[in-house]
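Input: a single structure, listed below in structure tokens.
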Amino acid sequence: MSESDFTPRDSFGSRFGIIAAAAGSAVGLGNIWRFPYVVGENGGGAFLLVYLIFIIAIGLPVMLSEFTIGRKAQRNAIGSFRKLSPGTPWYFVGMMGVAAAFLILSFYSAVAGWTLEYVFKSVTNAFAGTDETGLNLMFGTFIAGTWRPLFWQLIFMVLTAWIVAAGIKKGIEKYTKVLMPVLVLMIIILCIRSVTLPGAGEGLAFLFRPDFSALSADAFLSALGQAFFSLSLGMGTLITYGSYIGKKENLPGTVVQVSAADTIIALMAGIAIFPAVFAFGIDPGEGPGLVFITLPNIFLQMPGGYYFALIFFVLLAIAALTSSISVLEVVVAYFVEELRLTRKMATVFAAVMITVLGVFCTLSFGIMSDVSIFGMDFFNLMEFTASDLLLPLGGFFIVMFVGWYLGSASSRKEISNEGAYKLAYFPIFMFLVRFVAPVAIALVFIYGLGLLRL
Ligand code: PFF
């Protein structure tokens, strides 16, 4: 028996705390920054439909699988596989997850840094007196800079590390319990403002009316990558969080609540953004700059715009923070439990390594923009490798592990809290994790990477 079997682990203190932390992880830049621009780049409604199908058929079973593994093993992402399948190579899935955490947080912190700059711009009323061209230029000049984006990235990483270093109950849970409700309130206010803009209908039609001719082969891979990214799946984040969930909590209930919250907030972000995109004649396929250019433009043209801008960028920064802590926690939990570092040391160590990688992501919009690896700049390489490759691949192995290695009896025992819940739908879950999810992931993967043409 290892030493850690005798050290009491930190855990979440309340049911609301679990939901706040897990939903805090899921709801982030992925919903408010990435979702609208990925939908925009992939043609709107039809992409949304594919995305929603992936959430239900793949996302839900992967999420429940992650919680099951984590709660059963009570360990970090790598340690969980080691404990549940000693002497097998399954722990490799956990290692892939820790690697993905490094890549994700490197580009995530770059964008999160932009949100802080935009909070600053909102406070100082920097959007006043500009127009769309001015906002475009403002964004372009800012991200192409060196010190300013790096400064904000560093501040963001310090904030993330500070919360993670404080632990689960006194750090992650304490902050997400306050920040998440604030976030929900803010996005509701923004949606109401946006749908009452003149000409909101066209944007809503783009988002909700499927046009299947706009769907390309790689749209499926993007939808899958987005589903994994948005729900925080495939890299052991929810294995790690699952390991802090008490044995009496209802896992399937948590999964449904977290996924519903994540999806509703992504849709609300779409509802807040697309009407504005169309009202101001902006190209919905604009890319990563979409929210940073589009929204200040609406704020400029509306009464009280100063406050709405401030609300929005604070919201984005909060959403980013409650997600980034969950990514960092994957690495920290591993360092603490397997490498025996103190939590503080582990946090500093992980945050520094990630920040170094992150510097390259930030600079790839500026002085390193000419550096191309496999035809992508550093930022895109990190984003594509992590979201579209590592996360779905991790998800594939996670469902295979639960479906085929743990198997029905053992999974049922964990999910039903040793039989306390009846779980009438358990066979459906088993069918999804054994067949539907792995086959779907494999197909999308092969098809999306161009290895197969249908
Ligand atoms: N789900 C987060 C978002 O939508 O912004 C990002 C993320 C967090 C991805 C945690 C992956 C992860 F493990």
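These figures come from a predicted structure and were not determined experimentally. Read the numbers this way: they start at 1 and go in the same order the structure lists the ligands and their atoms.
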In plain terms, say whether Glu414 and Lys247 are close enough for a salt bridge, that is, a side-chain N and a carboxylate O under 4.0 Å apart.
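Salt bridge between Glu414 and Lys247, a charged N being under 4.0 Å from a carboxylate O: yes.
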
Pairs flagged by side-chain hydrogen bond (donor to acceptor under 3.5 Å, both in side chains) wherever residues 342-352 is involved - sequence neighbours left out:
Glu329-Arg343

Testing the basics here: between Gly40 and Phe274, what is the closest heavy-atom pair and its distance to 0.1 Å?
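The answer is N-CZ, 4.0 Å.
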
Which heavy atom of Pro288 sits nearest to which heavy atom of Trp33, and what is that distance?
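Taking every non-hydrogen atom into account, O-NE1, 2.9 Å.
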
Asp377 side chain vs Asn380 backbone, donor-acceptor pair below 3.5 Å:
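Indeed, once roles are kept as given, a pair shorter than 3.5 Å links the two residues.
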
Ligand 1 polar-atom proximity to protein (N/O, under 3.5 Å):
from	atom 1	to	atom 2	distance (Å)
ligand 1	1 (N)	Ser25	O	3.1
ligand 1	1 (N)	Ala26	O	3.0
ligand 1	1 (N)	Phe229	O	2.7
ligand 1	1 (N)	Ser230	O	3.1
ligand 1	1 (N)	Ser232	OG	3.0
ligand 1	4 (O)	Ala26	O	2.9
ligand 1	4 (O)	Gly30	N	3.3
ligand 1	4 (O)	Asn31	OD1	3.2
ligand 1	5 (O)	Leu29	N	3.0
ligand 1	5 (O)	Gly30	N	2.7
ligand 1	5 (O)	Tyr108	OH	2.5

Given Tyr118, which partner from the list Phe299, Trp152, Phe312, Phe127 fulfils the ring pair (Phe, Tyr, Trp, His ring centres under 6.0 Å) test?
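It is Phe127, the one option of Phe299, Trp152, Phe312, Phe127 that forms the ring pair (Phe, Tyr, Trp, His ring centres under 6.0 Å) with Tyr118.
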
